[in-house]
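Heads up, the thing below is written out as structure tokens.
What you are looking at is a predicted structure, and each value in this text was computed from that prediction instead of being measured. So you know, we letter chains A, B, ... as the sequences are listed, proteins then strands, and number each from 1.
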Protein chains: 2
Amino acid sequence: MVYQTKTGEMIMKKQKKEDRRVKYTKMVLKESLIDLLSQKDISAITIKEICEEADVNRTTFYAHYADQYDLLRQIEDELLQNLKAYITVFKQKKADAIFVDILEEMFEYIKANAKLCKLLLSKEGNLDFQKRIMMLVYDTNLVAKPNETLKKGEEEYVYSFVITGCVGVIHKWLEEGMKHSSRIMAGMIINSVKNLPVTFE
Amino acid sequence: MVYQTKTGEMIMKKQKKEDRRVKYTKMVLKESLIDLLSQKDISAITIKEICEEADVNRTTFYAHYADQYDLLRQIEDELLQNLKAYITVFKQKKADAIFVDILEEMFEYIKANAKLCKLLLSKEGNLDFQKRIMMLVYDTNLVAKPNETLKKGEEEYVYSFVITGCVGVIHKWLEEGMKHSSRIMAGMIINSVKNLPVTFE
DNA sequence: TCCAATAAACAACATTGTGTTGACAAATCA
DNA sequence: TGATTTGTCAACACAATGTTGTTTATTGGA
């Protein structure tokens with residue numbers, strides 16, 4: 001058996017091993033769904049449609065995804081993973097970055113992927129995606145050090161408040177065509193939360 | 001023609017005129033969908049299923065709703081309208097109610113409808129519903145008087161921040177089985193927002 | 001480079017859900 | 001009661017679904 005090595009290696013191999021055809025297929029299917037999503041709700045999109053637009057056989061679709069929702073989920077995954085990687089790289093490159101810098105960078109990334117982000121956060125969007133953004137923020141330790149004045153158990157609620165609040169602001173920013181700069185938006189959030197019983201970074 | 005009167009009267013009549021049979025049909029269909037929603041995602045629920053569970057002919061379903069999503073939307077509508085009415089009545093009954101009282105009452109209402117609220121805010125839930133809750137909060141003037149220290153345009157973002165933040169807190173509260181009392185939750189939100197550049201009531 | 005193993009893509013299939021139609025029965029309300 | 005509305009049912013054509021076995025492309029080792 002080739003794969004009887006360390007888990008890490010296995011995963012590495014699996015990633016590299018993706019067939020050119022598979023790569024292409026997945027790419028066009030993703031593009032097709034994103035395109036259709038800008039026209040109508042995911043529930044109104046059929047697999048037949050996605051495949052016709054992508055010029056891929058329907059059977060091929062089923063070989064990779066269970067349904068439209070599964071495909072969307074993987075699109076979301078990709079975006080979130082890329083964002084995470086982007087922030088990680090930024091943190092390494094600029095070790096002295098403070099919270100506002102990282103937030104600004106986050107807004108920049110969202111801006112660069114505005115079309116997709118807007119779709120995923122649109123009114124037809126899924127609450128699960130919002131939750132996963134929250135988990136990401138949580139994981140990357142953007143929000144930290146709950147104030148000691150808080151009772152135990154309360155801090156979790158303040159976290160929820162802040163993170164969902166941030167998502168709401170991002171959403172509004174996208175909807176209004178990103179009129180303000182990333183720096184201004186980052187500053188606005190800092191300003192909103194600076195008096196909350198949590199501190200950052 | 002009977003209905004050639006003032007628009008107001010027409011609507012009144014239309015509302016009152018709902019047939020008992022129609023009422024029953026709509027009721028069982030709503031119950032059926034809510035029941036199915038606790039088992040699986042709305043996208044996996046077929047109209048056939050809903051009708052079988054409700055023991056209603058599929059044709060009858062189509063007489064009232066376009067699809068599952070339309071039915072769900074109307075369930076949401078009903079919940080939001082009832083909440084709005086509930087708060088309005090409370091405000092009239094207790095004219096000296098301050099913000100924390102109204103918030104508490106809101107949590108009480110959500111608690112009384114916990115099963116449905118939880119479903120609608122679950123990870124499969126729709127962002128549109130969240131947005132409509134926000135509109136409701138906005139309409140009932142729960143959040144008011146933006147601080148004059150804010151630049152124009154910024155206040156809107158703080159609104160978004162606060163309201164989505166609140167929804168996040170409600171969500172977490174429901175998910176964790178409503179361990180804290182409504183009063184405590186209301187206090188927690190007040191505590192979170194009291195230092196924000198907005199005031200309440 | 002070539003060959004064999006592997007996996008992807010495809011066309012055709014039966015199945016299922018959809019949404020609509022028209023005829024009929026039951027319930028409503030004035 | 002009698003006119004009207006609404007629900008029911010059977011049947012319909014249609015479209016989307018998910019699975020079958022077969023063909024074709026890619027990869028990695030000799």
Side-chain angles (χ1 to χ4, degrees), chain A residues 1-5 9-33 35-37 39-74 124, chain B residues 1-6 9-33 35-37 39-74:
Chain A
M1 269 270 222
V2 184
Y3 293 125
Q4 281 183 356
T5 51
E9 268 187 60
M10 263 182 69
I11 294 167
M12 288 292 283
K13 281 219 166 180
K14 269 189 183 173
Q15 281 176 338
K16 277 197 175 180
K17 228 183 145 190
E18 186 138 270
D19 202 299
R20 280 184 211 169
R21 290 169 299 174
V22 179
K23 263 189 182 171
Y24 173 78
T25 301
K26 287 189 172 178
M27 190 194 70
V28 286
L29 285 175
K30 280 173 186 170
E31 279 175 359
S32 171
L33 179 58
D35 193 57
L36 286 167
L37 272 175
Q39 297 166 40
K40 51 178 134 177
D41 189 296
I42 177 115
S43 62
I45 296 172
T46 65
I47 292 161
K48 199 186 166 196
E49 265 181 316
I50 299 170
C51 296
E52 273 173 2
E53 173 119 356
D55 199 34
V56 161
N57 192 284
R58 251 179 54 250
T59 318
T60 308
F61 179 97
Y62 286 110
H64 298 290
Y65 308 101
D67 49 34
Q68 319 99 288
Y69 302 93
D70 186 27
L71 173 54
L72 181 61
R73 167 103 193 177
Q74 295 201 29
E124 285 88 19
Chain B
M1 269 269 222
V2 185
Y3 292 123
Q4 282 185 356
T5 51
K6 283 183 293 176
E9 269 186 59
M10 267 183 67
I11 294 168
M12 288 291 284
K13 281 220 167 181
K14 269 190 183 172
Q15 281 177 341
K16 277 198 174 179
K17 227 185 145 191
E18 185 137 272
D19 202 296
R20 282 182 205 169
R21 290 170 298 175
V22 179
K23 262 188 183 172
Y24 173 79
T25 301
K26 286 189 172 179
M27 190 194 68
V28 286
L29 284 175
K30 280 173 186 171
E31 280 175 358
S32 171
L33 179 58
D35 193 59
L36 287 166
L37 272 176
Q39 297 166 40
K40 51 177 132 175
D41 190 296
I42 177 116
S43 61
I45 297 172
T46 65
I47 292 160
K48 200 184 166 196
E49 265 181 314
I50 299 171
C51 294
E52 272 172 4
E53 173 119 354
D55 200 32
V56 160
N57 192 283
R58 247 179 61 248
T59 318
T60 307
F61 180 96
Y62 285 110
H64 297 291
Y65 308 102
D67 51 33
Q68 319 101 286
Y69 302 93
D70 187 26
L71 173 54
L72 180 61
R73 168 100 192 180
Q74 295 201 27

Between the main-chain N or O of [Y] and the side-chain N or O of [X], is there a donor-acceptor pair closer than 3.5 Å?
X: A:Glu49; Y: A:Thr46; answer: yes
X: A:Ser32; Y: A:Ile50; answer: yes
X: B:Thr25; Y: B:Arg21; answer: yes
X: B:Gln68; Y: B:Ile45; answer: yes

(message) Does B:Thr46 reach a base, just sugar-phosphate, or nothing at all? Heavy atoms under 4.0 Å.
(response) sugar-phosphate
(message) At 4.0 Å (heavy atoms only), tell me whether B:Arg58 reaches a base, stays on the sugar-phosphate, or touches nothing.
(response)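 Base contact - B:Arg58 has a heavy atom under 4.0 Å of at least one base atom.
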(request) Would you indicate, yes or no, if C:dA9 has its OP1 or OP2 atom less than 4.0 angstrom from a side-chain nitrogen or oxygen of A:His64? (result)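 For A:His64, the contact criterion (side-chain N or O under 4.0 Å from OP1 or OP2 of C:dA9) is met.
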(request) Establish, with yes or no, whether the OP1 or OP2 oxygen of D:dT8 is under 4.0 angstrom from a side-chain nitrogen or oxygen of B:Thr59. (result) no
(request) Could you check which of C:dA9, C:dG19, D:dT8 has an atom nearest any side-chain atom of A:Thr60? (result)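 The answer is C:dA9, which lies nearest to the side chain.
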(request) Counting heavy atoms from C-beta on, name the nucleotide in C:dT28, D:dT6, C:dT20 closest to the side chain of B:Arg20. (result) C:dT28
(request) Take A:Lys48 and A:Asn57, find for each the nucleotide of DNA chain D with the closest heavy atom, and name the residue whose nucleotide sits nearer the 5' end. (result)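 Looking at the nearest nucleotide for each, A:Lys48 comes out on the 5' side.
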Starting from [atom2] on [N], measure out to [atom1] on [X] and report it in whole angstrom.
X: B:Lys23; N: C:dT28; atom1: NZ; atom2: C1'; answer: 13 Å
X: A:Ile45; N: D:dA16; atom1: CD1; atom2: C1'; answer: 15 Å
X: B:Tyr62; N: D:dC9; atom1: OH; atom2: P; answer: 17 Å
X: A:Asp55; N: C:dA9; atom1: CG; atom2: P; answer: 12 Å
X: B:Phe61; N: D:dC9; atom1: CZ; atom2: P; answer: 17 Å
X: A:Tyr24; N: D:dT24; atom1: OH; atom2: P; answer: 20 Å
X: A:Glu53; N: D:dA16; atom1: CD; atom2: P; answer: 15 Å
X: A:Tyr69; N: D:dT17; atom1: OH; atom2: P; answer: 10 Å

(message) On DNA chain C, compare the nucleotides closest to A:Val56 and B:Ile47; which residue's is nearer the 5' end?
(response) A:Val56
(message) Nearest heavy atom decides the nucleotide; on that basis, is B:Asp67 or B:Arg21 closer to the 5' end of DNA chain C?
(response) B:Asp67
(message) If I take atom CD1 from residue A:Ile47 and atom OG1 from residue A:Thr59, how far apart are they, to the nearest 0.5 angstrom?
(response)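 These two atoms lie 11.0 Å from each other.
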